[in-house]
Amino acid sequence: MEDVLQYAGKRVVVTGCASGMGAATAQILVDLGAEVIGLDVKPTDVAVSKFIQVDLKDPASVDAAVAEIGGPVNALFSIAGLPGPPFSDLDTVLVNFAGARNLIESLVPQMPEGSAVACVSSNAGLGWEPVIGDLLPIVQTPDFAAAKAFFEANPERIQGNGYAFSKQLVNAYVAWRAASLLPLGIRLNNTNPGPTQTAMMPQFEAASGKDLIDAFAGPSNRRSSAEEQAWPLVFLNSPRSSYVAGISVPIDAGFYGAMVTGQIDLSILGV
Ligand SMILES: NC(=O)c1ccc[n+]([C@@H]2O[C@H](COP(=O)([O-])OP(=O)(O)OC[C@H]3O[C@@H](n4cnc5c(N)ncnc54)[C@H](O)[C@@H]3O)[C@@H](O)[C@H]2O)c1
C-alpha cells in the first residue's frame with residue numbers, strides 16, 4: 001500500500017521546525033511528500049517548502065504568518081515550546097499555551113473538513129484532570145490578549161511553575177476544544193512526551209536536576225529520541241486516525257501506565 005499515512009500533496013504546518021521534535025516531524029513530512037510550511041523563531045535546516053519566521057508570543061507576528069500561509073491547511077503540528085528557566089514563567093505560558101492556541105485558532109478558518117491539529121504537551125502537565133475547574137476559565141479566554149491579561153493579573157498561578165502549568169493548559173484546551181472543532185471536520189489531539197533528548201534537555205536538567213528527569217523515564221529507563229516523538233504526531237494527524245479526537249496520548253514508554261498502577265515512586269517526582 002503506497003502513501004499509507006496519506007500525506008502526499010497535503011499542505012501541512014509545523015511549528016518548532018528548527019529543532020528537536022519539530023525538525024524531526026518536518027523532515028518526516030517532507031519525506032512523505034507533503035508541502036511543509038515550517039514556523040520557528042530560529043531558521044531551520046530542514047528542506048521545507050516554505051519557512052516563516054514567527055514569534056508565537058507576538059500576536060502581530062502570528063497574524064503575519066497566518067496571512068502568508070493562506071489555505072488550505074490540512075494538518076497543523078503545534079510543537080514549538082519553551083522549557084521554563086532560563087525563560088520567564090510569563091514567556092513560557094505565552095509561547096506554550098497562549099501563542100500556540102492563537103495560531104491554532106487563527107488557522108481554523110483555513111482548515112477544511114478532514115484536517116487535524118496535533119499539539120505537544122508534556123508529562124510535566126499530568127494531573128490536569130482533577131484541576132480542570134481551575135484550568136477551564138483560562139482555556140476559555142477569548143484570545144491571546146485575554147490570556148496574557150489573566151497571567152499578568154495572577155502571577156502567583158505561574159510563579160516557579162510556568163512550564164508545568166502551560167502543559168496542563170494545553171491538555172485542558174485539547175480536551176475542551178476538540179468537541180466544538182469536530183463538527184467542522186477538524187480533529188484536535190495532543191501528545192504527552194516523556195523525557196526526550198533535544199536541545200531543551202540541558203535546560204530541564206539545570207532547572208529540575210537529572211534525577212527528576214530520569215524518574216520520568218519510567219520503566220524504559222531511557223530517554224526518547226525526537227523521531228520517536230515525531231512519528232506518533234504524524235500518525236495522529238493522518239486521515240488514518242479519523243476516529244481519534246480530543247485525547248492526550250502518552251508517548252512515554254510505559255511511564256503513565258506504571259504511574260497509575262503504583263509502580264513509580266511518586267516521592268521522587270515531588271508528588
Ligand atoms: N525535550 C523533552 O524532554 C520534552 C518533553 C515533553 C515535552 N516537550 C515539548 O516538546 C516540544 C518540542 O520541544 P523539543 O524538546 O523538540 O525542544 P527544542 O528546544 O529542540 O525545540 C523547541 C523549538 O521551539 C522553538 N520556539 C521556542 N520559542 C518559540 C517562539 N516564541 N516562537 C516560535 N518558535 C519557538 C525553538 O526555536 C525550537 O526550535 C515543546 O513544546 C516541549 O515543551 C519536550
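In listed order, ligands and their atoms are each counted from 1. Fair warning: this is a prediction, and the values are worked out from it, not measured in the lab.
- With sequence neighbours excluded, no residue forms a ring-ring contact (aromatic ring centres under 6.0 Å, His included) with Phe151.
- Residue, atom and distance of the protein heavy atom nearest to atom 9 (C) of ligand 1 are Val120 CG1, 3.6 Å.
- Under a 4.0 Å heavy-atom criterion, Ala24 is not in contact with ligand 1.
- Close approach of ligand 1 to Gly20 (heavy-atom distance below 4.0 Å) involves ligand atoms 16 (O), 20 (O).
- Protein heavy atom nearest atom 20 (O) of ligand 1, with residue, atom name and distance: Ser19 OG, 2.5 Å.
- The only member of Asn189, Leu236, Leu233, Asn190 that meets side chain to side chain contact (heavy atoms under 4.5 Å, CB included) when paired with Val249 is Leu236.
- Not a single heavy atom of Gly99 sits closer than 4.0 Å to an atom of ligand 1.
- Side chain to side chain, Ser238 and Gln6 fail the donor-acceptor criterion of an N or O pair below 3.5 Å.
- Between Lys50 and Glu68 there is a salt bridge, since at least one side-chain N of the basic residue sits less than 4.0 Å from a carboxylate O of the acidic one.
- In summary, the side chains of Ser115 and Arg11 do not present any donor paired with an acceptor at a separation below 3.5 Å, with no hydrogens or angles considered.
- Nearest to atom 43 (O) of ligand 1 by heavy-atom distance, out of Phe216, Tyr163, Phe204, is Tyr163.
- Distances from atom 13 (O) of ligand 1 to the heavy atoms of Lys57, Met200, Lys42 show the closest one on Met200.
- For Lys167, every heavy-atom contact with ligand 1 shorter than 4.0 Å involves the side chain, none the backbone.
- Taking distance alone, with nitrogen or oxygen atoms compared against 3.5 Å, Ser122 stays at or beyond that limit from ligand 1.
- Annotation: Gln159, atom CD; neighbour count of heavy atoms from other residues, nucleotides and ligands within 6.0 Å does not exceed 12.
- For Phe204, the CZ atom is densely surrounded, since the number of other residues' heavy atoms within 6.0 Å is greater than 12.
- A salt bridge is absent between Arg187 and Glu113; no separation between the charged side-chain nitrogens and carboxylate oxygens falls under 4.0 Å.
- If you run side chain to side chain donor-acceptor pair (under 3.5 Å) between Tyr173 and each of Glu105, Gln140, Gln168, only Glu105 comes through.
- Considering backbone and side-chain N/O of Asn123, none are found under 3.5 Å from N/O of ligand 1.
- The nearest non-hydrogen atom to atom 27 (C) of ligand 1, considering only Gly81, Ala124, Ala80, comes from Gly81.
- Nearest protein neighbour of atom 28 (N) of ligand 1, counting heavy atoms only, is Leu82 CD2, 3.5 Å.
- The closest approach between any non-hydrogen atom of Pro195 and ligand 1 is below 4.0 Å.
- The closest non-hydrogen atom to atom 29 (C) of ligand 1, taken over Val41, Val62, Leu233, comes from Val41.
- The closest approach between any non-hydrogen atom of Asn96 and ligand 1 is not below 4.0 Å.
- In summary, the side chains of Asn192 and Asp252 do not present any donor paired with an acceptor at a separation below 3.5 Å, with no hydrogens or angles considered.
- Of all protein heavy atoms, the one closest to atom 33 (C) of ligand 1 is Val54 O, 3.3 Å.
- Remark: minimum distance from atom 14 (P) of ligand 1 to any protein heavy atom is reached at Thr198 OG1, 3.4 Å.
- Counting only heavy atoms of the protein, atom 7 (C) of ligand 1 lies nearest to Ser121 O, 3.1 Å.
- The shortest separation from a heavy atom of Gln229 to ligand 1 is not under 4.0 Å, leaving the residue out of contact.
- Closest to atom 37 (O) of ligand 1, if we only count protein heavy atoms, is Asp40 OD1, 2.6 Å.
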Would you list the atom pairs, donor with acceptor, under 3.5 Å between side chains in residues 38-49 and any protein atom, with sequence neighbours excluded?
from, atom 1, to, atom 2, distance (Å)
Asp40, OD1, Lys42, N, 3.0
Asp40, OD2, Cys17, N, 3.3
Asp40, OD2, Ala18, N, 3.0
Thr44, OG1, Cys17, O, 2.8
Thr44, OG1, Val46, N, 3.1
Ser49, OG, Val36, N, 3.4

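- Remark: among candidates Ile79, Leu56, Thr196, the nearest residue to atom 32 (N) of ligand 1 is Leu56, based on non-hydrogen atoms.
- The option with the heavy atom closest to atom 4 (C) of ligand 1, from among Met21, Gln53, Glu205, is Met21.
- Within a 6.0 Å sphere centred on CD1 of Ile247, other residues, nucleotides and ligands contribute 12 heavy atoms or fewer.
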(request) Would you please test Thr141 and Arg101 for side chain to side chain donor-acceptor pair (under 3.5 Å) and show each step? (result) CA-CA 11 Å; Thr141 50; Arg101 184 188 64 165; 3.1 Å; yes

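- Checked by atom type, the side-chain pair Ser61/Asp55 shows no donor-acceptor distance below 3.5 Å.
- Atoms of ligand 1 found under 4.0 Å from any heavy atom of Met201 (numbered from 1 in listed order, with element): 3 (O).
- The protein atom (non-hydrogen) at minimum distance from atom 31 (N) of ligand 1 is Asp55 OD1, 2.9 Å.
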